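Structure, as structure tokens:
What you are looking at is a predicted structure, and each value in this text was computed from that prediction instead of being measured.
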Amino acid sequence: MSHGIQQDVTTVKAKRTIRNLRWWVLVLFLLGVTVNYITRNSLGILAPELKTSLGITTEQYSWIVGAFQLAYTLFQPVCGWLIDVIGLKLGFLVCAGVWAVVCIMHAGAGSWLQLAILRFFMGGAEAAATPANAKTIGEWFPKKERPVAAGWAGVGFSIGAMLAPPIIYFAHASFGWQGAFMFTGVLALLWVLLWWLFYHNPEQHPNLSKDELAFIKQDNEPPAVRLPFFTALKTVSKNKRFYGIAIPAFMAEPAWAVLSFWVPLYLASERGMDLKQIAMFAWLPFLAADLGSVASGYLTKVYTRWFGCTRTNSIVASSVTGAFLMISLALVAITKDPYITIALISVGGFGHQIISCMLSALVVDSFDKGQMATVNGMRGSAAWIASFLFSLLIGVTADKIGYNPLFIAMGFFDLIGAVFLVSFIAERRAKRA
């Protein structure tokens, strides 16, 4: 009798569903990427003190940043392939656990070389975020919702960077720079636990209704095909559309690298701000980036409804809009007011995140589910090659020629990328007979 009652209770629990669960899953992923960027940007916020405390030169700091970027570049395709093969839940869990532990280990660093080694391992693990982004959207959303979902997912990439300055400042004030690294690492470990407890694939999620599962699967996409690593890379490399995504990503990423790793140091050295002032203002470009992320998906709807663009062309048009907004970074070179500087950089953050989210949307729009994480990882590698090289360039030139020429270059990089985006991705109208 009691066994039968228990069985009935279990059945009721199994049938309990959550409305619009796909958006709650996206919130869980967004929270993880937010923590990812808090741990990542801790270095940039603490850079002025680390340079003083550990006797680090600007060039040595560029190598610390470069170590992270190099690992991020090399491991994005590997992490993407791993997630495609072993699944999003386990793949992202392993990578997040590694970056959390390595972040805590930063507290023991005593030289720039030790920091560089730690940042390399952290970059390799954090490289999972970009391919996991595409995988989450591809698994949980039908094609018609993916541009909007990509926009909201992109919020995590910038809200973490936005929250990093005040969080790191208060952690630093309470525990010192070592404690700030440990605090953010513990935050990451807490999210790993949440991911393990609450994430499941759509087909296996106990709280997903049959109707919502059918809605997610409405495009009848073929089951994911798992390919060996080098076979997957070769297959993607033969697709022209990949280069229409990868080249714009290459041109776009230097600006984001500057926002993430160099703006705090720029505000300190060129604008005379202390750590408290940096904490007060350095988050504003990332708030603008959050708004750009959210706006990007809805901007595609504007191009579709007002101008009759196809889904693909509306995504391309939104990205091109972001490229024109990036010109604001070039104007940083002609102003001396620190507050106008922050405003111009913020416009650039808004524009960049439109581009970034739309490139992710193009990945999930253009490739099947078995390739999405791999392709987004390869896109990320293309982007971070540029990020790595640009950081090294800043390291050897900033003290000699200043930052202005670099801001001017960043203002126009994305317009070059837009040319390739339009050439390789945009759909042409059929010629009339």
Do other residues, nucleotides or ligands put more than 12 heavy atoms under 6.0 Å from the CZ atom of F215?
-> yes
Got a sec, which residues hit ring-ring contact (aromatic ring centres under 6.0 Å, His included) with F412, two or more places apart in sequence or on another chain?
-> none
List in chain and number order the residues that pass ring-ring contact (aromatic ring centres under 6.0 Å, His included) with F250, two or more places apart in sequence or in another chain; answer none if no residue qualifies.
-> none
Here the pair of heavy atoms bringing A107 nearest to M182 is CB-CG, 3.6 Å
Can you tell me how far CZ of F29 sits from CD1 of I137, rounded to the nearest 0.5 angstrom?
-> 7.0 Å
When you look at CZ of F121, are more than 12 heavy atoms from neighbouring residues, nucleotides or ligands closer to it than 6.0 Å?
-> no
Residues which pass side chain to side chain contact (heavy atoms under 4.5 Å, CB included) with L21, listed by chain and number, not counting sequence neighbours = I18, W24, V25, W140, H205, N207, L208, E212
How long is the gap from CD on E253 to CG on L359, to the nearest 0.5 Å?
-> 10.0 Å
Please tell me if the side chains of Q76 and R379 come closer than 4.5 Å, counting only heavy atoms from C-beta onward.
-> no
Does a side-chain heavy-atom distance below 4.5 Å link Q353 with L259?
-> no
Tell me, please, which residues at least two apart from S62 pass side chain to side chain contact (heavy atoms under 4.5 Å, CB included).
-> E59, W262, L392
Distance-minimising heavy-atom pair for A288 and S346 | CB-O, 3.1 Å
Calculate, to the nearest 0.5 Å, the distance between atoms CZ and OG belonging to F350 and S328 respectively.
-> 11.0 Å
Could you go step by step and tell me if H106 and T184 meet the side-chain contact (heavy atoms from CB on, under 4.5 Å) rule?
-> CA-CA 11 Å; H106 279 51; T184 54; over 6 Å; no
After noting the C-alpha distance and the side-chain angles of L43 and L50, does the key distance pass the side-chain contact (heavy atoms from CB on, under 4.5 Å) rule?
-> CA-CA 8 Å; L43 177 72; L50 290 173; 3.7 Å; yes
Rounded to the nearest 0.5 Å, how far does CG of L70 lie from OG of S381?
-> 10.0 Å
What's the shortest heavy-atom distance between R119 and S42, and which atoms?
-> NH1-OG, 4.3 Å
Side chains of F242 and M378 in contact at under 4.5 Å (non-hydrogen atoms) | yes
At their closest point, which heavy atom of I354 faces which heavy atom of G292, and how far apart are they?
-> CG1-O, 3.4 Å
Write out all pairs satisfying salt bridge (charged side-chain N to carboxylate O under 4.0 Å, His left out) with one or both partners inside residues 292-301, taking only residues at least two apart or from two chains.
-> none
For Y199, look at atom OH and say whether over 12 heavy atoms of other residues, nucleotides or ligands are found less than 6.0 Å away.
-> yes
Please list every donor-acceptor pair under 3.5 Å in which a side-chain atom of residues 185-198 meets a protein atom from a residue at least two apart or in another chain.
from: W191; atom 1: NE1; to: L28; atom 2: O; distance (Å): 3.1
from: W195; atom 1: NE1; to: K89; atom 2: O; distance (Å): 3.0

Begin from the C-alpha positions of I45 and I167 and carry the test side-chain contact (heavy atoms from CB on, under 4.5 Å) through to its verdict.
-> CA-CA 10 Å; I45 304 301; I167 287 175; over 6 Å; no
Does any N or O in the side chain of S319 come within less than 3.5 Å of the main-chain N or O of I315, such that one atom is a donor and the other an acceptor?
-> no
Partners meeting side-chain hydrogen bond (donor to acceptor under 3.5 Å, both in side chains) with Y298 (sequence neighbours left out) = W152
With sequence neighbours left out, write down each residue that passes ring-ring contact (aromatic ring centres under 6.0 Å, His included) with Y403, or none if nothing qualifies.
-> Y266
For T34, enumerate each residue passing the side-chain hydrogen bond (donor to acceptor under 3.5 Å, both in side chains) test, keeping only those at least two apart in sequence or located in another chain.
-> none
State which residues pass ring-ring contact (aromatic ring centres under 6.0 Å, His included) with W112; sequence neighbours excluded, sorted by chain then number.
-> none
Quick one: closest heavy-atom pair of M410 and A255, and the distance?
-> SD-CA, 3.5 Å
Report yes if some heavy atom in the side chain of L406 is under 4.5 Å from a heavy atom in the side chain of V258; otherwise report no.
-> no
Any chance CH2 of W177 has more than 12 other-residue heavy atoms, nucleotides or ligands included, within less than 6.0 Å?
-> yes
Close side-chain approach of T374 to T235, heavy-atom, < 4.5 Å = no
Under the side-chain contact (heavy atoms from CB on, under 4.5 Å) criterion, do Y61 and V65 qualify, and how do the steps go?
-> CA-CA 6 Å; Y61 176 72; V65 173; 3.6 Å; yes
Using the test side-chain hydrogen bond (donor to acceptor under 3.5 Å, both in side chains), find all partners of S387 that sit at least two apart in sequence or belong to another chain.
-> Q69
Taking the side chain as every heavy atom from C-beta outward, state whether R22 and F141 have any pair of such atoms under 4.5 Å apart.
-> yes
What's the verdict on side-chain hydrogen bond (donor to acceptor under 3.5 Å, both in side chains) for T58 and K51, showing C-alpha distance, side-chain angles and the deciding distance?
-> CA-CA 8 Å; T58 301; K51 288 186 68 180; 2.9 Å; yes
Are the side chain of E49 and the backbone N or O of L46 linked by a donor-acceptor pair below 3.5 Å?
-> no
Is there side-chain contact between Y303 and V316, with at least one heavy-atom pair below 4.5 Å?
-> no
Donor-acceptor under 3.5 Å (T335 side chain, V332 main chain) = no
When rounded to the nearest 0.5 angstrom, what is the spacing between OG in S360 and CD1 in I355?
-> 12.0 Å
Among all residues two or more places apart in sequence or in another chain, which pass the side-chain hydrogen bond (donor to acceptor under 3.5 Å, both in side chains) test with W99?
-> none
Atom OG1 in T304, atom NZ in K144: separation rounded to 0.5 Å?
-> 13.5 Å
So, does N239 use its side chain to make a donor-acceptor pair with the main chain of R241 at under 3.5 Å?
-> yes
How are the rings of W256 and H352 set to each other: parallel, tilted or perpendicular (split at 30° and 60°)?
-> parallel
For K135 and I83, work out which heavy atoms get closest and say how close.
-> CG-CG2, 3.9 Å
With a 6.0 Å cut-off on ring centres, are Y37 and F286 close enough?
-> no
Side chains of S296 and S318: closer than 4.5 Å at any heavy-atom pair?
-> no
